[in-house]
Amino acid sequence: MAETQTNGVEVLETREWLDSLDYVLSQGGPERAGRLLQQLSLHARRAAGVNLPFTATTPYQNTIASRQQPPFPGSQEMERRIKSLVRWNALAMVVRANKIESGIGGHISTFASAATLYEVAFNHFLQAQTESGDRDLVYFQGHAAPGMYARAYLEGRIPKEKLQNFRRELKEGGGLSSYPHPWLMPDFWEFPTVSMGLGPIQAIYQARFIRYLENRGLKKATGGRVWAFMGDGEMDEPESLGSITLASRERLDNLIFVVNCNLQRLDGPVRGNGKIIQELEAIFRGAGWNVIKVIWGSDWDNLIINDRDGILVKRMGEITDGQYQKYFVESGAYFRHNLFGSDPRLLKMVEHLSDEQLSRMRLGGHDPIKVHAAFKAATEHKGAPTVVLAKTIKGYGLGEAGEGKNITHQQKKLNEDELRVFRSRFGIPIADQELHDAPFHRPADDSPEILYMQERRQRLGGYLPERKVRSKPIAPVSESHFEEFHKGTDGREVSTTMVFVRLLGKLLRDPEIGKLIVPIIPDEARTFGMEALFRQVGIYSSVGQLYEPVDMDTLLYYKEAKDGQILEEGITEAGSICSFIAAGTAYANHGINTIPFFIYYSMFGFQRIGDLIWAAADMRTRGFLIGGTAGRTTLAGEGLQHQDGHSHLLALPVPNLLAYDPAFAYEIGVIIQDGIKRMYVDQESIFYYLTVTNEPLAMPAMPEGKDVREGILKGLYRFRASTKKDSKLRAQLFGSGTIMYEVLKAQQILEEKYGVAADVWSVTSYKQLYRDGNDCDRWNMLHPGGTPRVPFVTQTLKEAPGVLVAASDYMKVLPESIAQWLPRPLVALGTDGFGRSESRASLRDFFEVDAKHIVLATLTALLRDKQIKLEVLQKAVNDLGINPEKANPANT
Ligand SMILES: Cc1ncc(C[n+]2csc(CCOP(=O)(O)OP(=O)(O)O)c2C)c(N)n1
Ligand SMILES: [Mg+2]
């Protein structure tokens with residue numbers, strides 16, 4: 001190709017075609033030119049079978065040509081000065097923090113590269129309140145947080161004392177959290193983003209949820225947008241890109257991604273041997289997004305306009321990102337030689353520029369005019385989401401201290417010389433002799449800079465970020481929904497999943513809260529017997545139903561509707577939890593108390609999307625996570641990858657999550673009733689995890705007694721006392737979930753065959769008991785000599801005689817977590833080990849959690865206490881049909 005182009009005729013021919021195209025462009029504009037090119041390519045294909053090579057990318061240049069740029073609607077000089085102040089304070093915050101406490105960390109170079117992107121957004125685009133009353137929701141890149149704090153300081157929203165305590169949250173008077181954490185700064189941050197990839201995917205589902213609220217008539221205004229700022233390295237996280245087609249499919253033109261392409265991540269280049277901007281362009285274009293590349297700054301405009309034969313843009317496209325990074329740290333002479341030196345024509349193009357000038361040619365992401373043009377186009381684009389790919393330099397402005405260098409991400413300490421260089425480059429009025437302390441600098445309230453930035457924010461409706469709870473508490477929910485479950489099923493066998501679905505159906509019909517319920521399902525509704533809801537409330541679809549469903553003539557057909565209530569997410573637990581988060585935080589973000597119920601295969605919850613659940617906790621999300629098909633032996637047949645015997649352990653670490661493993665219908669009723677009250681009436685920032693199972697069982701009536709309800713919620717109550725109170729041999733058996741039914745069988749065997757009187761306790765939540773036990777111990781430790789607090793479990797069991805045995809469908813360590821607060825040693829049975837494809841009975845035998853093993857464990861404990869003879873136990877092993885030589889399921 002290169003040789004043939006030098007051929008004279010071809011050069012001439014090319015020139016003529018280009019001239020013609022220029023004429024069309026000047027007469028008809030870019031759209032006309034685009035249509036013509038399409039016709040040309042069609043013609044070539046039809047007439048002569050010319051196949052244009054597939055290309056998902058456009059040339060390595062700005063999407064918006066310089067002549068298409070709108071005028072800059074503000075004072076560039078003023079904005080540059082404000083930006084410099086933000087830069088300085090962001091840097092000073094990190095440098096100071098590390099001076100005072102070496103190793104406290106923080107990031108300088110990320111915000112340094114992104115400052116123009118943020119400042120243009122803050123001064124011109126990010127709406128704290130739109131005319132329609134909506135506002136923009138902004139996902140700030142987590143480790144750019146110092147920039148947001150620095151700006152808030154200049155705006156007068158964060159006092160200097162707090163800035164001093166960046167990353168020192170436990171200091172007197174409080175500090176600032178390292179990254180965006182709504183849990184820690186509930187009036188400031190809205191979205192935790194720093195676990196990379198979680199911001200982008202959450203932003204997509206947030207933008208979709210806004211449409212859902214609008215289509216369902218829960219929210220009126222439109223006009224607010226969702227902005228998500230992210231790093232180019234971050235795009236390698238599967239969550240960043242995994243849901244981008246949802247955004248285009250749903251035509252989310254209320255969504256804007258801004259990817260700061262500084263070509264670097266933590267260790268080195270994102271794509272040293274490739275080009276991240278081109279790669280991302282191909283991916284997003286392929287997915288149907290509007291892609292705006294901001295690569296070159298205004299300094300390049302003339303070179304690009306004069307690049308008639310496209311040799312410059314071609315050459316730019318050849319250079320790898322690793323090499324571009326090298327240019328950032330090298331001299332202008334090196335740049336000239338390496339990039340332009342490949343072709344005498346290129347050298348000629350830049351002969352009028354000195355090396356110094358060449359080295360200062362700005363990139364697009366550092367040029368407010370280019371960034372403004374991109375954001376404006378993004379906000380005006382209709383019918384698809386937009387991604388802005390902005391090229392920048394990591395550590396911009398740090399010079400020798402790290403600009404463009406591989407170490408820059410970790411740079412936290414600047415010496416006095418380096419501070420001086422930065423100070424001078426950005427014109428911060430701080431004297432040399434004061435520099436050693438890296439002091440903060442804020443001009444007076446009535447200085448032109450502060451007035452300008454305040455005026456800009458006022459125009460855009462106020463400050464950002466700012467978190468506020470915008471909803472009012474709901475009225476208490478009618479008791480009547482829950483009463484049915486107190487009665488039991490009169491011997492009819494139902495699973496706890498069916499119980500839950502029935503309760504959900506009732507709540508959906510409630511005149512007050514019915515519309516607020518958001519059922520979220522990752523393609524498992526039929527597994528959970530929820531298909532009746534398809535028809536009852538419909539499946540949400542932004543376009544309604546454009547086809548005649550195959551099961552139209554059945555009662556429970558697959559009904560999609562614009563105001564459908566179910567979020568049928570398809571097979572994406574990550575996407576579903578993002579919907580859960582969006583719905584569960586709408587009380588704050590949108591002032592709407594939506595109540596999400598996310599129903600999923602329990603195995604694919606905490607261990608698959610645990611980090612998003614952690615983010616949900618940080619964000620003060622409210623709602624119910626429902627782990628269906630739960631339990632290692634309750635889910636028959638499915639085997640190792642499906643059978644969950646540990647999600648309750650994985651639920652332990654989440655501080656504001658309540659986790660329950662209910663056995664009976666009325667327990668589910670009590671827990672959900674209390675959950676709605678605590679979260680939506682009392683407005684507590686907690687959420688719930690409930691496991692439900694698919695084993696049909698007869699549901700008993702709720703026992704009498706005022707302490708039952710309290711026990712269910714606190715984690716433990718006596719379900720059935722032994723009738724043989726005068727028996728010498730006593731036991732207390734703890735059961736949870738469906739294993740409760742094995743415990744009840746064991747109670748009977750123990751009484752009938754071994755003369756052991758056993759009480760059965762339902763443990764609905766080991767987590768609740770564990771937390772309460774720890775809380776009491778801690779208080780007692782800190783208050784020696786005070787009246788000791790007694791944990792609920794200790795108090796409840798204080799008069800319960802005999803040996804203690806627990807069995808659940810989860811690992812043994814779960815009951816063992818409360819052993820220290822029990823009056824006597826505990827024998828725990830559980831399902832440690834890999835699951836198997838088998839029937840429930842075989843699985844319970846294999847994992848040793850069936851009735852016979854519970855009996856054996858009880859007798860073993862009685863022998864330990866010298867209450868029965870060895871022969872009784874030996875005979876029992878035989879009578880119960882237990883094979884003592886069977887392999888240990890924990891390690892087979
Ligand atoms: C899931 C996750 N893994 C690792 C990290 C640690 N980490 C923080 S920033 C960073 C590099 C970020 O690079 P990039 O996304 O390109 O952002 P930049 O700072 O260059 O803007 C890494 C690895 C993290 N925060 N989250
Ligand atoms: Mg980067």
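For ligands, and for the atoms within them, numbers begin at 1 and follow the listed sequence. The figures here come from the full heavy-atom set of this structure, side chains too, leaving out hydrogens, waters and symmetry mates.
Counting heavy atoms closer than 4.0 Å to ligand 1, residue Met235 contributes nothing at all. Of the heavy atoms in His409, only side-chain atoms (C-beta onward) come closer than 4.0 Å to ligand 1. Contacts between Met230 and ligand 1, counted as non-hydrogen atom pairs separated by less than 4.0 Å, are absent for every part of the residue. Using a 4.0 Å cut-off between heavy atoms, Asn262 contacts ligand 1 through its side chain alone, with no backbone atom that close. Heavy atoms of His143 found under 4.0 angstrom from ligand 1 belong exclusively to the side chain.
The backbone N or O of Val421 sits nowhere less than 3.5 Å from a side-chain atom of Ser424 that would complete a donor-acceptor pair. For Gln278 (side chain) and Thr58 (main-chain N/O), a donor-acceptor pair under 3.5 Å exists by modelled atom type.
Near Val194, with a cut-off below 4.0 Å to any heavy atom, the atoms of ligand 1 are 24 (C), 25 (N), 26 (N). Short contacts between ligand 1 and Thr110, defined as distances under 4.0 Å to a heavy atom of the residue, involve ligand atoms 18 (P), 19 (O), 21 (O). Listed by number with element, the atoms of ligand 1 under 4.0 Å from a non-hydrogen atom of Gln141 are 17 (O), 18 (P), 21 (O). Close approach of ligand 1 to Gly233 (heavy-atom distance below 4.0 Å) involves ligand atoms 14 (P), 15 (O), 16 (O).
Under a 4.0 Å N-O distance rule, the pair Asp301/Lys370 qualifies as a salt bridge. Using a 4.0 Å cut-off between charged nitrogen and carboxylate oxygen, Arg151 and Glu119 count as a salt-bridge pair. A salt bridge links Lys405 with Glu400: at least one charged nitrogen is closer than 4.0 Å to a carboxylate oxygen.
Any N or O atom pair closer than 3.5 Å counts here, and Ser113 shares no such pair with ligand 1.
Judged by distance alone, the side chains of Gln164 and Arg96 do bring a donor and an acceptor atom under 3.5 Å apart.
Vertex the Mg ion (ligand 2); arms to Asp232 OD1 and Asn262 OD1; angle rounded to 10 degrees, 100°.
Nearest to atom 18 (P) of ligand 1 by heavy atom, out of Glu234, Lys394, Arg265, is Lys394.
In terms of protein heavy atoms, atom 6 (C) of ligand 1 is closest to Met196 CE, 4.1 Å.
A cation-pi arrangement, defined by a distance under 6.0 Å to the six-membered ring centre and an angle within 45 degrees of its axis, is present between Arg620 and Trp183.
Ring planes of Tyr324 and Tyr327: perpendicular class, angle over 60° (limits at 30 and 60°).
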### Verdict with supporting geometry, Trp189 and Tyr149, ring-ring contact (aromatic ring centres under 6.0 Å, His included)
CA-CA 11 Å; Trp189 294 116; Tyr149 292 140; 5.5 Å; yes
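At a threshold of 2.8 Å, the Mg ion (ligand 2) has a backbone or side-chain N, O or S atom of Gln264 nearer than that distance.
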